[in-house]
Amino acid sequence: MDPNSPILFFDSGVGGLSVLAPTRLLLPNAPVVYAADSAGFPYGKRSEAEIASRVPALLGRLVERFQPRLAVIACNTASTIALDHVRSALDLPVVGTVPAIKPAAELSASRVIGVLGTEATVRQPYVDDLAASFAADCTIIRHGSPGLVELAEAKLAGAEISVEAVRAATQPMFDAPGGDRIDTVVLACTHFPLLQEELGQAFPKVSYVDGGPGIARRIAWLTREQPWPQEPAGGIIVYTSADGERPLMSVLARYGLTEVKTL
Ligand code: DGL
């Protein structure tokens with residue numbers, strides 16, 4: 001194993017940074033390539049067929065170019081739809097990101113859990129299976145919010161995000177039948193932990209479950225016997241389109257990403 005072989009993170013946009021951050025805490029010297037499919041963003045509005053063909057093809061190109069040791073699909077939409085396709089197309093370990101319904105069920109006292117994701121994620125049978133396996137005695141209220149995805153992108157691009165805007169994009173989940181009894185919310189889109197501060201201010205009485213730290217532990221475990229560089233090196237962010245709204249370089253630097261490339 002080449003110590004410089006990176007971990008590849010993949011998302012439609014900035015969401016995967018919420019998985020990269022806890023991974024860097026555990027593996028500070030890990031070389032990182034972060035791919036944002038800016039040409040395909042937002043995934044939440046795409047069809048299952050589009051995601052299932054697009055994601056494995058892009059990951060194939062990224063793996064060929066950057067020779068990662070492991071790939072992380074740091075996106076719930078892509079993982080709940082295309083994880084199996086990607087695993088069968090690639091010859092390396094692939095870690096997915098799926099809604100953290102199990103830890104939410106362990107936490108909820110009211111037994112009413114909100115699953116906040118993209119429109120595409122919340123309609124996946126994968127979510128039904130997680131609910132049936134780990135939260136059979138809970139009521140699961142799902143809400144797909146493209147507005148929150150846009151707010152997270154805008155925040156990292158340097159815009160001022162109001163708590164009111166975050167509240168308005170999330171409120172329908174609490175207004176759904178039984179929604180007033182939600183005490184635990186699964187952040188089932190990797191963009192949403194980036195808004196945790198605003199969500200906490202808008203709805204302070206509920207607990208939020210972010211799968212990121214658990215995924216970071218899984219990455220560290222899978223690579224536990226592998227060599228790393230002696231020093232942290234600057235990571236690379238790769239976009240699939242040449243233009244569009246992008247996170248600030250100063251923000252990316254906080255995640256160790258210093259070099260920009262286009263696929
Ligand atoms: N970050 C993504 C997720 O976890 C997708 C957001 C989008 O592109 O709609 O689902």
Side-chain angles (χ1 to χ4, degrees), residues 8-23 34-56 58-59 71-83 85-86 94-101 104 114-127 130 142-157 161 166 169-170 173 185-196 198-199 208-216 218-219 237-241 244-247 251-252 255 257 263:
L8 172 66
F9 290 83
F10 179 88
D11 183 36
S12 58
V14 296
L17 296 175
S18 72
V19 182
L20 172 56
T23 306
Y34 183 95
D37 182 10
S38 44
F41 175 88
Y43 278 7
K45 290 186 183 270
R46 291 192 176 269
S47 70
E48 281 72 0
E50 279 176 295
I51 304 273
S53 65
R54 182 175 185 90
V55 173
L58 277 174
L59 276 161
V72 184
I73 307 183
C75 172
N76 288 261
T77 313
S79 299
T80 54
I81 295 172
L83 190 54
H85 300 80
V86 171
V94 180
V95 176
T97 312
V98 300
I101 288 177
V115 174
L116 193 58
T118 65
E119 292 157 295
T121 295
V122 299
R123 66 172 182 252
Q124 292 314 309
Y126 205 121
V127 178
L130 288 171
R142 307 163 187 223
H143 177 55
S145 178
L148 282 181
V149 175
E150 294 291 349
L151 285 166
E153 289 285 331
K155 180 177 176 179
L156 271 67
I161 296 305
V166 169
T170 315
M173 181 172 73
V185 174
V186 180
L187 300 176
C189 169
T190 53
H191 278 73
F192 300 166
L194 303 171
L195 297 172
Q196 193 145 358
E198 292 83 355
L199 280 164
Y208 297 92
V209 181
D210 167 13
I215 293 156
R218 175 90 185 133
I219 296 166
I237 183 160
V238 185
Y239 297 101
T240 55
S241 60
E245 192 176 44
R246 287 183 174 184
V251 169
L252 293 174
Y255 295 88
L257 302 173
L263 187 66

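Both ligands and their constituent atoms are indexed starting at 1 by order of listing. The structure presented is a predicted model; accordingly, all values stated were derived computationally and were not measured. Note: hydrogens, waters and symmetry copies are ignored here, and every other heavy atom, side chains too, is used.
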Salt bridge (charged side-chain N to carboxylate O under 4.0 Å, His left out), that's the test. Do Glu198 and Lys155 meet it? Break it down for me. CA-CA 11 Å; Glu198 292 83 355; Lys155 180 177 176 179; 3.1 Å; yes
Derivation and outcome, side-chain contact (heavy atoms from CB on, under 4.5 Å), residues Thr118 and His191: CA-CA 10 Å; Thr118 65; His191 278 73; over 6 Å; no
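Taking a 4.0 Å cut-off on heavy atoms, Cys75 registers as neighbouring ligand 1.
Scanning the protein heavy atoms around atom 7 (C) of ligand 1, the nearest turns out to be Tyr43 N, 3.3 Å. The shortest contact between atom 1 (N) of ligand 1 and any protein heavy atom is with His191 ND1, 2.7 Å. For atom 9 (O) of ligand 1, the closest non-hydrogen atom of the protein is Gly44 N, 2.8 Å. Looking from atom 10 (O) of ligand 1 to the surrounding protein, the closest heavy atom is Thr77 OG1, 2.6 Å.
Closest heavy-atom contact between Ala154 and Ile161: CB-CD1, 4.1 Å. Across Glu50 and Arg46, no two heavy atoms sit closer than the pair OE2-NH1, 2.8 Å.
Contact of the Leu116 side chain with the Leu148 side chain is registered, since non-hydrogen atoms from C-beta on lie closer than 4.5 Å.
Contact annotation for Asp11 and ligand 1: only side-chain heavy atoms (C-beta onward) come within less than 4.0 Å of the ligand. If you look at Ser12 next to ligand 1, the close heavy atoms, those under 4.0 Å, all belong to the side chain.
Backbone and side-chain nitrogen or oxygen atoms of Phe41 are examined, and none is located within less than 3.5 angstrom of a nitrogen or oxygen of ligand 1. Residue Thr190 has at least one N or O atom closer than 3.5 Å to an N or O atom of ligand 1.
Although no hydrogens or angles enter the test, the distance criterion places a donor-acceptor pair under 3.5 Å between the side chain of Tyr34 and the main chain of Gly16.
Side chains of Asp37 and Ser12: no donor on one and acceptor on the other come within 3.5 Å.
For the atom pair OH (Tyr43) and OG1 (Thr80), the distance works out to 12.0 Å, reported to the nearest 0.5 Å.
Applying the 4.0 Å criterion to heavy atoms of Thr118 picks out, from ligand 1, the atoms 5 (C), 6 (C), 9 (O), 10 (O). For ligand 1, the atoms sitting less than 4.0 Å from at least one non-hydrogen atom of Asn76 are 3 (C), 4 (O), 10 (O), numbered in the order shown with element in parentheses.
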